[in-house]
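Okay, so here's the structure we're looking at.
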Amino acid sequence: MKKQHIMKKTTLVDSHCHLDFPDFEGEMDDIMARAANAGVGHMVTICTRITKFDAILAIAEQFENVFCTVGIHPHNAGDEPEVTPQRLIELAEHPKVVGLGETGLDFHYDNSPRDIQERSFRAHIGAARETGLPVIVHTRDADDDMVRILEEEYAKGAFPGLIHCFSSGQALAEKVLEIGFFLSFSGIVTFKNADDIRAVAATAPLERILVETDSPFLAPVPNRGKRNEPAFTALTAACVAGLRELDQESFDQATTDNFFRLFKKAEGLKAGAGG
């Protein structure tokens, strides 16, 4: 398929979306155009099943301003082939793969056995440690085990990463910031009952903050309940900038600088593409 290039308007990066999901089927050109018009210059389409990696990679190859990851979501850890660090490292050699995951723990739904979730999570961390690519972490109702695993693994050697769609409280934020992780905020930060998350978004170090959609899920207010898409990154960014009493341009530039500092491989691709 012919490669398409979308010129970015401003600086925002949607650091986490799922462009391979059927919600977007047949609409990719329109999705990209609306993102550009909203000032979203780059985005990362996230792998949740290693068996569907080829389809995710194809989207990243089609659009110059789209990066991708490789990994297995904790929901899917029980029915995907058990992955090794070596297999993840091999797949991550492709130039458009800039991160590992999403991976982690979800004890809210328990769609996969907890021991399998943990083994898969540790495999992704091992690959992150060896490659230097950030691990994209999903965590829900598993804060204690999340901290335990991160501390145990970090003791074996440092690795970069972030908690995506941050939806926990100050205690987890402080723990992961201590090991150098970043926090990525989604449309949840705009929800009426998200005071604890807004408190973290308002006080976390600016140099550790990213923004995302997690689209097609979690559309921010005023679009809550609708299908989310990368263009709506701008609404989440506006909310967090307001919480921090920062002008929009400065906040947008800071989160984009943070993204390319964490996702170093993406920085190289951006430079190679001429901006």
Side-chain angles (χ1 to χ4, degrees), residues 15-16 18 44 46-53 56 68-92 97-186 188 196-197 200 208 210 212 214 217-218 262-263:
S15 65
H16 194 112
H18 298 281
V44 184
I46 301 292
C47 187
T48 61
R49 289 184 178 272
I50 204 166
T51 53
K52 295 186 176 180
F53 172 65
I56 293 154
C68 71
T69 66
V70 60
I72 300 174
H73 194 290
H75 285 340
N76 305 324
D79 57 20
E80 284 284 295
E82 186 155 352
V83 73
T84 63
Q86 291 71 31
R87 180 58 176 154
L88 291 166
I89 291 165
E90 176 187 326
L91 293 173
V97 178
V98 300
L100 297 155
E102 65 186 286
T103 182
L105 305 173
D106 193 312
F107 295 168
H108 181 80
Y109 289 106
D110 277 324
N111 286 348
S112 293
R114 295 185 179 188
D115 61 327
I116 295 177
Q117 290 187 47
E118 180 169 338
R119 285 203 306 272
S120 180
F121 185 23
R122 290 183 186 272
H124 287 73
I125 290 172
R129 185 184 295 114
E130 184 160 338
T131 62
L133 298 177
V135 60
I136 295 100
V137 177
H138 169 110
T139 182
R140 187 167 186 189
D141 292 351
D143 286 7
D144 290 345
D145 286 275
M146 177 58 58
V147 170
R148 172 181 60 82
I149 293 168
L150 288 175
E151 288 181 340
E152 288 174 1
E153 290 293 333
Y154 203 76
K156 302 174 187 176
F159 53 93
L162 74 153
I163 304 295
H164 107 87
C165 191
F166 188 83
S167 57
S168 297
Q170 194 69 41
L172 181 63
E174 289 175 358
K175 287 287 188 181
V176 299
L177 287 167
E178 282 177 13
I179 66 168
F181 264 40
F182 288 60
L183 306 177
S184 183
F185 293 95
S186 71
I188 293 176
D196 289 349
I197 300 167
V200 174
R208 300 282 195 83
L210 303 180
E212 65 170 271
D214 201 15
F217 313 110
L218 302 175
L262 176 61
F263 289 85

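- Considering every non-hydrogen atom in both Y154 and R129, the closest pair reads N-NH2, 4.5 Å.
- Using a 4.5 Å heavy-atom cutoff, the side chains of L150 and K175 are not in contact.
- Within a 6.0 Å sphere centred on NZ of K52, heavy atoms belonging to other residues, nucleotides or ligands number 12 at most.
- Between L183 and L177, some side-chain heavy-atom pair lies under the 4.5 Å cut-off.
- With sequence neighbours excluded, the residues satisfying salt bridge (Lys or Arg N to Asp or Glu O under 4.0 Å) with E82 are R119.
- Side-chain contact, D214 with H164: no donor N or O sits under 3.5 Å from an acceptor N or O.
- In this structure D79 satisfies the salt bridge (Lys or Arg N to Asp or Glu O under 4.0 Å) test together with R49, sequence neighbours excluded.
- To the nearest 0.5 Å, atom CG of residue L210 and atom CZ of residue F263 are 6.5 Å apart.
- Between T131 atom OG1 and L88 atom CG the span is 9.0 Å, to the nearest 0.5 Å.
- Counting heavy atoms of neighbouring residues, nucleotides and ligands inside a 6.0 Å radius, atom CG of N111 exceeds 12 of them.
- Between F181 atom CZ and L172 atom CG the span is 10.0 Å, to the nearest 0.5 Å.
- The heavy-atom pair separating C165 from L218 by the smallest distance is SG-CD1, 3.4 Å.
- Checking side-chain atoms of R140 against main-chain N and O of S167 turns up no donor-acceptor pair under 3.5 Å.
- Checked against salt bridge (Lys or Arg N to Asp or Glu O under 4.0 Å), E90 has the following partners two or more places apart in sequence or in another chain: R87.
- Donor-acceptor pairing under 3.5 Å is lacking for the side chains of T69 and E102.
- For the pair V70 and L100, the minimum side-chain heavy-atom distance is below 4.5 Å.
- A salt bridge between E118 and R122 is present, with a side-chain N of the basic residue lying under 4.0 Å from a carboxylate O of the acidic one.
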